[in-house]
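These notes concern the structure reproduced below.
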Amino acid sequence: MKVLVVDDSKVARTIIRAVILDKHPDWSVTEAPNAAEALALAAQEAFDIFSIDINMPGVDGFGLVEQLRTLGAKGRMALFSANVQEPVRQRAADLGVAFISKPVTPVSVEALLAAVGHDAS
Amino acid sequence: MSREWTELELDALGETFNVGVGAAAAVLSRMVEGEVLLSVPELKVVDKCTALGSFGLAPTDRVCAVLQPYGGAIESNALLIFTESKSYDLVRVVVPDHLAGMQMGDLAQDALLEVANLVLNACLGAMGDLLECRLTTQVPMLLKGTAAEVMEELEGNEMMLLHMLFSIRHRDIDGYVGFLLDQQAMAVLQQAVARFLEAHL
């Protein structure tokens, strides 16, 4: 399974990667600090799972979901954000992507994996 | 005195602030029945004059600010600041219709304090939980006047400013939420962030 973690926080990316690899040592986890790099990576290889932050400099997480789809990305996507307002959750639902609340912890990363159809166990 | 912050510590602090302001925005969003748009947080060490510029304010702008002192593991101030006219607009959005015509009298001031109290408490609560340090809030104060006068009320000259612009979608209301930290508070916060990194990375 190939995962792309998009978040402008290196700390968030590092924790997400560590929790995923702890549960699934055979998966590969790639990191991108912004939407532009995520799009460049997604253009080169197919990812199965995308974990996407919302509030990022440049294109935000919602914009990135739309651009990834335009690019033809087929992976399951989840928005992983501290912006936990109901209208934001609704926009995620309208886009058909899962929404997981930060902070990034082993529990929230496991919730993210479950939301995209992968048990943490 | 605090030592230099490492890139990872600043990153973790920004992320912690994100979680805090995210929780605060959820509270505000329910009050205004709309989405609160958040900027990417900024963190810098500034003097008071530069702090005003960071808030997009000129020294002569009329502002309303709610200063929320907090204590416990870290003692400092959280601040919610608006231009005076936008603070009226915010109050009009959150109070019942029959009060909407009121000016910034006692009742409106009370409403603004209540909004700020809820928002800043949500923010501080989330940050304290994440960093595992207990933060207790004290009674908030409403400061009114020019931006320069309001900044004069704050202790110290140089401060660490951790701030974020928020605005309410489809309404011309925006303001800043910020934390002003003196050297001692910065040092304690830095230790908490270092402990967080040690535990999670």
Side-chain angles (χ1 to χ4, degrees), chain A residues 5-22 29 31-36 51-64 79-95 99-112, chain B residues 5-43 118-119 122-123 125-132 164-171 177 192-201:
Chain A
V5 177
V6 192
D7 199 306
D8 59 329
S9 163
K10 187 177 178 184
V11 170
R13 294 196 308 270
T14 306
I15 299 175
I16 296 169
R17 169 206 277 273
V19 175
I20 292 175
L21 291 179
D22 186 46
V29 180
E31 298 177 25
N34 53 50
S51 167
I52 301 170
D53 184 23
I54 294 179
N55 284 16
M56 295 186 287
V59 174
D60 69 9
F62 290 113
L64 177 58
L79 289 163
F80 197 0
S81 177
N83 194 342
V84 294
Q85 302 170 64
E86 192 47 43
V88 173
R89 293 171 188 269
Q90 188 56 52
R91 280 168 72 194
D94 293 344
L95 273 174
F99 180 93
I100 306 297
S101 306
K102 281 187 177 180
V104 177
T105 63
V107 172
S108 58
V109 175
E110 285 175 22
L112 182 141
Chain B
W5 287 70
T6 66
E7 197 182 326
L8 263 190
E9 285 172 344
L10 289 174
D11 184 317
L13 184 59
E15 189 64 3
T16 305
F17 189 55
N18 246 331
V19 170
V21 178
V27 171
L28 188 57
S29 169
R30 284 195 292 275
M31 294 171 106
V32 301
E33 297 178 350
E35 184 179 347
V36 179
L37 304 174
L38 301 171
S39 71
V40 175
E42 277 190 70
L43 192 140
L118 288 166
V119 166
C123 190
M127 291 174 74
D129 285 350
L130 200 58
L131 293 175
E132 293 181 353
M164 201 173 204
L165 172 70
F166 66 91
S167 50
I168 299 172
R169 185 183 281 273
H170 306 312
R171 292 182 192 269
V177 56
V193 169
R195 279 198 305 274
F196 170 85
L197 284 172
E198 209 175 288
H200 293 88
L201 292 187

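Every chain is numbered from 1 and lettered A, B, ... according to where its sequence line falls, protein lines coming before strand lines. Scope of the values below: all heavy atoms of this structure, side chains included, with no hydrogens, waters or symmetry mates.
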So for [X], is it side chain, backbone, both, or neither that comes closer than 4.5 Å to the heavy atoms of chain A?
{"X": "Leu38(B)", "result": "both"}
{"X": "Thr16(B)", "result": "neither"}
{"X": "Val36(B)", "result": "both"}
{"X": "Ala23(B)", "result": "backbone"}
{"X": "Leu8(B)", "result": "both"}
{"X": "Val19(B)", "result": "both"}
{"X": "Leu28(B)", "result": "neither"}

Please report the shortest heavy-atom distance between [X] and [Y], naming the atom on each side.
{"X": "Ser9(A)", "Y": "Glu15(B)", "value": "CB-OE1, 3.3 Å"}
{"X": "Ser29(B)", "Y": "Gln85(A)", "value": "CB-OE1, 3.1 Å"}
{"X": "Leu201(B)", "Y": "Val11(A)", "value": "CD2-O, 4.3 Å"}

Quiz item: Pick from Val104(A), Asn83(A), Asn55(A): which one has the most heavy-atom pairs with chain B under 4.5 Å?
Solution: Asn55(A)
Quiz item: If you measure from OG1 on Thr14(A) to CG on Asp11(B), what distance do you get to the nearest 0.5 Å?
Solution: 7.5 Å
Exercise. Output the distance between atom CG (Asp8(A)) and atom CG (Asn18(B)), rounded to the nearest 0.5 Å.
Key: 7.0 Å
Quiz item: Between Glu33(B), Arg169(B), His200(B), Glu35(B), which residue shows the highest count of heavy-atom pairs closer than 4.5 Å to chain A?
Solution: Glu35(B)
Quiz prompt | Part of Asp53(A) within contact of chain B (heavy atom distance under 4.5 Å) | solution = neither
Quiz prompt | Pair Glu7(B) + Lys10(A): basic N to acidic O under 4.0 Å | solution = no
